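The structure under discussion appears below in the form of structure tokens.
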2 protein chains.
Amino acid sequence: MSPGHTEITAPVVSCDDDCGIRDVLDRLGDKWSVLVVVQLAAGVHRFKELQRAVDGVSQRMLTLTVRRLERDGLVTRTVHPTVPPQVEYELTALGHSLTHLVKGLADWSLAHRPQIEAARRAWDAKADMPS
Amino acid sequence: MSPGHTEITAPVVSCDDDCGIRDVLDRLGDKWSVLVVVQLAAGVHRFKELQRAVDGVSQRMLTLTVRRLERDGLVTRTVHPTVPPQVEYELTALGHSLTHLVKGLADWSLAHRPQIEAARRAWDAKADMPS
DNA sequence: CAGAATCCTTAACGATACTG
DNA sequence: CAGTATCGTTAAGGATTCTG
């Protein structure tokens, strides 16, 4: 191994081509999927409950989000043919397995938030300086 | 506690308001940040090396991405005033601490990809059915 | 209540050209 | 090489209205 700069060692997660990470990232990337999964990790929710819990999500986006999660097999959608319609969403086993990772991200986020904010302040302060 | 449906138990990760998860998610959400972090986890990279390694990223987006990562304190940018300019990017300790989580996501992704694809095929097949 | 449909605004992204 | 600047496209998301 020559010293100095990069020799491009074995990629941590082969991302030479898109071998799957992107698929998951695209689902985690959108604004609401993770938040919904996190909420559902606490238990079964009806549509309106979800919307209140996530706070900020429009009804349209919540619909789209749960549909995509359902399509990916992360949540189940159960319709009860009652007089006011009642639909319950629940995490599948697959969905629950993701919860641990999401929890990890949340923990990391909370733990390192001060550092990140400090770095941002430092950067922004530097940027304001003319010379 | 009444039985039946949801009583909204304690949130897994308090997301009543946005208490930090979103900040991290927004950085994970964009198309390239994670890929760049993953590449840098393998070692120091120059700008062009990164662009080749990530494959698909435009020079503009790579610039924006590394700038944001630098602002957040996840990577360092070192300029060597050589005759052709040479800039090296490297993960900070903070950046490295994120690597574990990203690796976890990648592993999960690879492990459960078949399940997700199967679920999608099933969903799409069902959707095509007229009745 | 749960949702489908429509319209509209924004910003993420990509391609190209130019610079130190 | 490592950017910056500009432009055009597209997709994500929000607001609103209507329906079973």
Side-chain angles (χ1 to χ4, degrees), chain A residues 4-6 8 18 22-23 25-36 39-40 44-72 75-90 123 126-127 131, chain B residues 4-6 8 18 22-23 25-36 39-40 44-72 75-90 123 126-127 130:
Chain A
H5 59 289
T6 326
I8 302 197
D18 51 311
R22 285 304 280 276
D23 279 345
L25 254 45
D26 286 350
R27 204 112 321 290
L28 260 58
D30 62 60
K31 216 172 176 180
W32 306 109
S33 292
V34 175
L35 283 297
V36 169
Q39 260 309 308
L40 289 181
V44 182
H45 282 68
R46 295 179 56 178
F47 187 87
K48 205 61 185 301
E49 285 175 338
L50 263 184
Q51 190 171 11
R52 268 191 296 266
V54 170
D55 171 72
V57 67
S58 68
Q59 162 250 51
R60 175 189 137 87
M61 286 318 294
L62 183 55
T63 301
L64 289 178
T65 301
V66 292
R67 281 297 179 284
R68 281 193 289 247
L69 292 174
E70 191 191 357
R71 176 172 181 261
D72 286 357
V75 311
T76 59
R77 174 174 175 270
T78 313
V79 181
H80 300 280
T82 56
V83 64
Q86 179 165 346
V87 180
E88 291 185 334
Y89 294 92
E90 186 171 17
W123 174 277
K126 177 179 65 89
S131 108
Chain B
H5 59 289
T6 326
I8 303 198
D18 51 310
R22 286 303 280 277
D23 279 344
L25 253 47
D26 286 350
R27 205 110 325 291
L28 259 60
D30 62 59
K31 216 171 177 181
W32 305 110
S33 291
V34 174
L35 283 298
V36 169
Q39 260 309 308
L40 289 181
V44 182
H45 282 68
R46 295 179 55 177
F47 187 88
K48 205 62 187 297
E49 286 176 337
L50 263 183
Q51 190 171 11
R52 269 190 296 264
V54 171
D55 173 72
V57 67
S58 68
Q59 162 251 48
R60 173 189 140 87
M61 287 316 296
L62 183 55
T63 301
L64 289 177
T65 301
V66 292
R67 282 294 179 285
R68 281 192 289 246
L69 291 174
E70 191 191 358
R71 174 171 182 263
D72 286 357
V75 312
T76 59
R77 175 174 174 270
T78 314
V79 181
H80 300 280
T82 56
V83 64
Q86 180 165 344
V87 180
E88 291 185 335
Y89 294 93
E90 186 173 16
W123 174 276
K126 176 179 64 91

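As a basis for the values below, the full set of heavy atoms in this structure was taken, side chains included, without hydrogen atoms, waters or symmetry mates. Each chain gets a letter, A, B and so on, in the order its sequence line appears, and its residues count up from 1. Here the structure is a predicted model, which means the values were calculated and not measured.
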For nucleotides 4-20 of chain D, just jot down a letter per nucleotide in 5' to 3' order: B, S or -, based on protein non-hydrogen atoms under 4.0 Å.
-> B-B------BBBB---B

Side-chain heavy-atom pair B/Val66, B/Arg77 within 4.5 angstrom cut-off = no

How would you list, by chain and number, every residue that makes a salt bridge (Lys or Arg N to Asp or Glu O under 4.0 Å) with B/Arg71, sequence neighbours excluded?
-> A/Asp124

To the nearest 0.5 Å, what is the distance between CD (B/Glu49) and OH (B/Tyr89)?
-> 12.0 Å

Test item: A/Trp123 and B/Asp72 side chains (from C-beta on) under 4.5 Å apart, heavy atoms | no

Report the end-to-end axis angle of the helix from C/dC1-D/dG20 to C/dG20-D/dC1; each axis comes from five terminal pairs, and the value is rounded to 10°.
-> 40°

Answer yes or no: does a side-chain N or O of B/Tyr89 lie under 4.0 Å from OP1 or OP2 of D/dG3?
-> yes

Residue set satisfying side-chain hydrogen bond (donor to acceptor under 3.5 Å, both in side chains) with A/Arg52, at least two apart, ordered chain then number -> none

Go through the structure and list residues passing side chain to side chain contact (heavy atoms under 4.5 Å, CB included) with B/Leu64, not counting sequence neighbours.
-> B/Arg60, B/Met61, B/Arg68

Hits for side-chain hydrogen bond (donor to acceptor under 3.5 Å, both in side chains) against A/Thr65, two or more places apart or cross-chain, chain-then-number order -> none

Report yes if the side chains of B/Leu69 and B/Val36 come closer than 4.5 Å at any heavy-atom pair, otherwise no.
-> yes

For residues 78-85 of chain A, tabulate all N or O donor-acceptor pairs below 3.5 Å that involve a side-chain atom, not counting sequence neighbours.
from	atom 1	to	atom 2	distance (Å)
A/His80	NE2	A/Glu88	OE1	3.3
A/Thr82	OG1	A/Pro84	O	2.5

On DNA chain C, reading 5' to 3', which nucleotide is the first and which the last to sit with an atom under 4.0 Å from a heavy atom of chain A, could you check?
-> C/dC1 to C/dT6

Check: B/Leu40 and B/Val75 side chains under 4.5 Å, non-hydrogen atoms | yes

